[in-house]
Amino acid sequence: MLIIGGGVNGTGIARDAAGRGLSVTLVEQDDLASHTSSASTKLIHGGLRYLEHYEFGLVRKALIEREVLLRNAPHIMWPLRFVLPHHSGLRPLWLIKMGVFLYDNLARREILPGSQTVQLGKHPAGVPLREEFTRALVYSDGWVDDARLTVLSAVDAAERGATILTRTKCIEARAHNGGWLAKIQSGADGEVQVIEAKSLVNAGGPWAEKIITGITGQKSSKSLRLVRGSHLVVRKLFDHDHAYIFQNPDNRIVFAIPYENDFTLIGTTDVEEHGDPGQATISEDEIRYLLSVMVQYFKRPVARSDVVWSYSGVRPLIDDASGDPSKVTRDYELEWLTAPAPLLNVWGGKITTYRKLSEEAADQLGALFPQARGAWTSNAPLPGGDLPYTTGKKSAPEADFSAFVAQLGQKYPNSAPQVLHRLARAYGTRAEKILSAPMGAEIAPTLFEGELDYLRRYEWAQTAQDVLVRRSKLWIHFTPEQRDAVARAIGR
């Protein structure tokens with residue numbers, strides 16, 4: 001099968017299908033996770049606010065997946081506690097308690113603790129907040145490195161036999177003898193190849209509609225609503241390890257999340273995107289909006305000058321004619337067409353349900369391939385996620401991660417603790433592939449030549465941005481001179 005799109009859904013489908021024994025080629029016009037799949041709020045969550053829109057099925061499905069993912073990728077995901085301060089002028093406390101109770105009980109929890117009501121005057125999360133906020137609900141969700149989730153899915157797919165072609169565009173696909181003849185073009189040299197495929201998977205995200213009309217020449221049965229979600233990164237606003245979920249008078253919510261030790265991530269917005277999804281950028285109105293929410297809650301004013309970085313991603317939502325972008329469903333739909341040739345269109349979706357979406361897609365595609373094996377990913381760790389379960393407890397992936405880092409420290413005593421911790425977070429058990437090989441020169445703090453070699457060889461990294469923004473988050477820690485040093489090194 002030929003998959004168009006190297007975001008989290010495309011790589012997830014490639015991984016699942018390759019693991020069932022199918023022949024898979026995936027093409028991505030840019031780098032893996034270049035757009036939406038590296039520009040999320042980076043949460044593995046059910047979506048507490050979706051309960052207000054009665055999307056109980058979506059929330060339950062996402063809550064079930066939340067635990068599956070936390071078990072299978074404990075290096076790039078971890079539990080996170082969220083503080084929801086009660087705002088006396090907005091939703092009543094009884095309603096919030098009811099929502100959090102449902103959130104706790106819609107799906108079985110083995111890893112994450114339940115919710116609790118706290119007095120903010122006696123809780124560390126109350127210290128940076130304005131004095132009028134006295135009570136809060138605290139509940140659990142999870143954090144994910146979204147771009148690494150996408151890349152590791154591609155790594156697993158490739159190791160199971162899939163061909164992953166980045167910076168390669170599908171320029172045409174036409175039905176032929178019950179299947180497809182597709183022309184793909186390399187961005188490196190412009191070379192055009194023809195691929196014959198039994199089925200085509202359109203996992204183009206914001207470009208899914210254009211793939212149908214522009215590449216296959218068919219008519220699209222659905223319309224996408226492109227909604228931009230923008231985020232700010234500011235200097236650290238608080239010292240504890242909890243995140244905040246803040247209510248706003250417009251009925252939206254905004255998160256403030258610990259980010260990369262030294263920063264706070266603020267997001268997100270919901271704004272219609274009418275331009276090129278690949279060029280989405282935050283507007284001044286969105287910056288003002290996000291900062292205004294912070295001013296409502298934090299004692300210390302958060303100013304425009306505190307912003308050190310921003311990013312935007314475009315969500316490809318199924319257009320349901322809703323007037324409010326925040327109310328458009330985040331659920332997905334798989335459209336299976338058999339004429340003029342087998343085509344699976346992926347519509348919508350959110351990062352938390354990517355594995356389930358991929359499994360359902362592979363189930364449908366499996367009807368074309370009698371030799372295909374059954375579903376397998378629910379208990380399969382992503383590359384590097386097979387941490388030694390030293391605690392012996394199914395509910396303790398974070399303890400296993402800490403134990404693994406300690407083991408690395410004993411095995412590689414000459415490596416700095418911050419290097420070992422960062423490599424363990426990014427690569428899990430595969431950090432040893434880097435540590436056991438010659439590390440070479442240190443190009444920038446904690447980044448050595450050996451890691452660059454690994455990323456080029458096994459993770460399709462070609463540019464400094466591939467390395468510093470998507471394969472890691474080092475960009476935000478480095479000076480311009482250090483970023484330039486990485487660009488020169490990877491250019492070599």
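Hydrogens, waters and symmetry mates play no part in the numbers below; they use all other heavy atoms, side chains included.
Between the side chains of Thr213 and Gln218, not a single donor N or O lies within less than 3.5 Å of an accepting N or O. Residues Asn9 and Tyr332 have side chains that never bring a donor and an acceptor to within less than 3.5 angstrom of each other.
For residues 185-207, the set of pairs meeting the salt bridge (charged side-chain N to carboxylate O under 4.0 Å, His left out) definition, not counting sequence neighbours, is empty. Under the salt bridge (charged side-chain N to carboxylate O under 4.0 Å, His left out) criterion, the residue pairs touching residues 363-384 are Arg20-Asp363, with sequence neighbours excluded.
Considering all non-hydrogen atoms of both residues, Leu112 and Pro79 come closest at CD2-CB, 3.4 Å. Closest of all the heavy-atom pairs between Thr268 and Arg252 is O-NH1, 2.9 Å. Scanning both residues, Leu224 and Gly205, for their nearest heavy atoms gives CD1-O, 3.5 Å. Of all non-hydrogen atoms in Ala17 and Ala362, the two that sit nearest each other are N-CB, 4.5 Å. Minimum heavy-atom separation, Glu209 to Ser220: CG-OG, 3.6 Å. Considering all non-hydrogen atoms of both residues, Leu149 and Ile351 come closest at CD2-CG1, 3.9 Å.
Within 6.0 Å of the CZ atom in Arg108, the count of heavy atoms belonging to other residues, nucleotides or ligands does not exceed 12. Surrounding CZ of Arg81 are more than 12 heavy atoms belonging to other residues, nucleotides or ligands, all under 6.0 Å away. In Lys433, the NZ atom is crowded: over 12 heavy atoms of neighbouring residues, nucleotides or ligands sit closer than 6.0 Å.
Looking only at distances, no side-chain donor or acceptor of Thr25 sits under 3.5 Å from a matching main-chain atom of Leu2. When atom types are taken as modelled, the side chain of Glu286 and the backbone of Ser283 share a donor-acceptor pair closer than 3.5 angstrom. Without hydrogens or angle criteria, Ser153 side chain to Gly12 main chain gives no donor-acceptor distance under 3.5 Å. Judged by distance alone, with hydrogens and angles left aside, the side-chain atoms of Glu449 form no donor-acceptor pair with the main-chain N or O of Gly440 at under 3.5 Å. Put simply, the side chain of Glu67 gets close to the backbone of Glu110: a donor and an acceptor are under 3.5 Å apart. Formation of a donor-acceptor pair under 3.5 Å by the Ser312 side chain with backbone atoms of Ile282 is found in this model. A distance-only check finds no donor-acceptor pair linking the side chain of Arg160 to the backbone of Leu22 [under 3.5 Å]. No donor-acceptor pair closer than 3.5 Å links the side chain of Ser40 to the backbone N or O of Thr36. For Asp331 (side chain) and Gly348 (main-chain N/O), no donor-acceptor pair under 3.5 Å exists by modelled atom type. Looking only at distances, a side-chain donor or acceptor of Asn202 sits under 3.5 Å from a matching main-chain atom of Ala208.
Inter-residue side-chain proximity for Pro316 and Pro206 is flagged as met; some heavy-atom pair is nearer than 4.5 Å. Two residues are said to be in side-chain contact when any heavy atoms from C-beta on lie closer than 4.5 Å; Trp347 and Glu335 meet this criterion. Side-chain contact between Asn345 and Trp336: absent, with no pair of heavy atoms (C-beta onward) separated by less than 4.5 Å. Taking 4.5 Å as the limit, some side-chain heavy atom of Leu32 sits within range of a side-chain heavy atom of Ile164. No side-chain heavy atom of Leu26 sits under 4.5 Å from any side-chain heavy atom of Leu165.
A salt bridge between Asp400 and Arg71 is absent, with no side-chain N of the basic residue lying under 4.0 Å from a carboxylate O of the acidic one. Between Lys210 and Asp276 there is no salt bridge, since none of the side-chain N atoms of the basic residue sits less than 4.0 Å from a carboxylate O of the acidic one. By the 4.0 Å N-to-carboxylate-O rule, Glu55 lies too far from Lys350 to be salt-bridged with it. Arg422 and Glu451 are joined by a salt bridge, as a carboxylate oxygen and a charged side-chain nitrogen come within less than 4.0 angstrom of each other. Salt bridge Arg66/Asp141: present, at least one basic N to carboxylate O contact under 4.0 Å. Using a 4.0 Å cut-off between charged side-chain N and carboxylate O, Lys473 and Asp145 make a salt bridge. Salt bridge absent: Asp270 and Arg228 never bring a charged side-chain N and a carboxylate O closer than 4.0 Å. Using a 4.0 Å cut-off between charged side-chain N and carboxylate O, Arg225 and Glu272 make a salt bridge. Glu459 has a carboxylate O that lies under 4.0 Å from a charged side-chain N of Arg148, or vice versa, which qualifies the two as a salt bridge. With salt bridges taken as basic N to acidic carboxylate O contacts below 4.0 Å, none links Lys61 and Glu65.
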Legend entry - Trace of the side-chain contact (heavy atoms from CB on, under 4.5 Å) decision for Tyr354 with Leu69: CA-CA 10 Å; Tyr354 99 102; Leu69 296 179; 3.9 Å; yes
Inset, instruction - Take Glu52 and Arg49 through the test salt bridge (charged side-chain N to carboxylate O under 4.0 Å, His left out) and record every step on the way to the result. - result: CA-CA 6 Å; Glu52 278 194 319; Arg49 73 181 181 89; over 6 Å; no
Inset, instruction - Just do the side-chain contact (heavy atoms from CB on, under 4.5 Å) check on Leu468 and Leu447 with the steps written out, would you? - result: CA-CA 10 Å; Leu468 298 179; Leu447 181 62; 4.2 Å; yes
Legend entry - Step-by-step side-chain contact (heavy atoms from CB on, under 4.5 Å) determination, Thr429 to Leu387: CA-CA 6 Å; Thr429 55; Leu387 300 182; 3.9 Å; yes
Legend entry - Full working for side-chain hydrogen bond (donor to acceptor under 3.5 Å, both in side chains) between Asp31 and Thr166: CA-CA 6 Å; Asp31 181 33; Thr166 63; 5.2 Å; no
Legend entry - Verdict with supporting geometry, Phe448 and Ile443, side-chain contact (heavy atoms from CB on, under 4.5 Å): CA-CA 5 Å; Phe448 290 79; Ile443 299 162; over 6 Å; no
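Ring geometry for Trp309 versus Trp475: interplanar angle of 30 to 60°, hence tilted. Taking the six-membered ring where tryptophan is involved, the planes of Trp143 and Trp78 are tilted, since the angle between them lies from 30° to 60°. Using cut-offs of 30° and 60° on the angle between ring planes, the pair Tyr311 and His231 is parallel. Below 30°, between 30° and 60°, or above 60°: for Tyr454 and Tyr458 the angle between ring planes is between 30° and 60°, a tilted geometry.
Distance CG/Leu382 to CZ/Arg430: 9.5 Å, rounded to 0.5 Å. The line from CZ of Phe246 to CZ of Phe255 is 11.0 Å long, rounded to the nearest 0.5 Å. Rounding to the nearest 0.5 angstrom, the gap separating the OH atom in Tyr103 from the OG atom in Ser140 is 9.5 Å.
In terms of the side-chain contact (heavy atoms from CB on, under 4.5 Å) criterion, residue partners of Gln465 (sequence neighbours excluded) are, by chain and number, Thr463, Val469, Arg470. Qualifying side-chain contact (heavy atoms from CB on, under 4.5 Å) partners for Ile215, counting only residues two or more places apart in sequence or in other chains: Cys170, Ala173, Ile211. Remark: Pro258 pairs with Phe238, Ala243 by the side-chain contact (heavy atoms from CB on, under 4.5 Å) rule, at least two apart or across chains. Residues forming a side-chain contact (heavy atoms from CB on, under 4.5 Å) with Val192 (at least two apart in sequence, or on another chain): Ile171, Lys183, Gln185.
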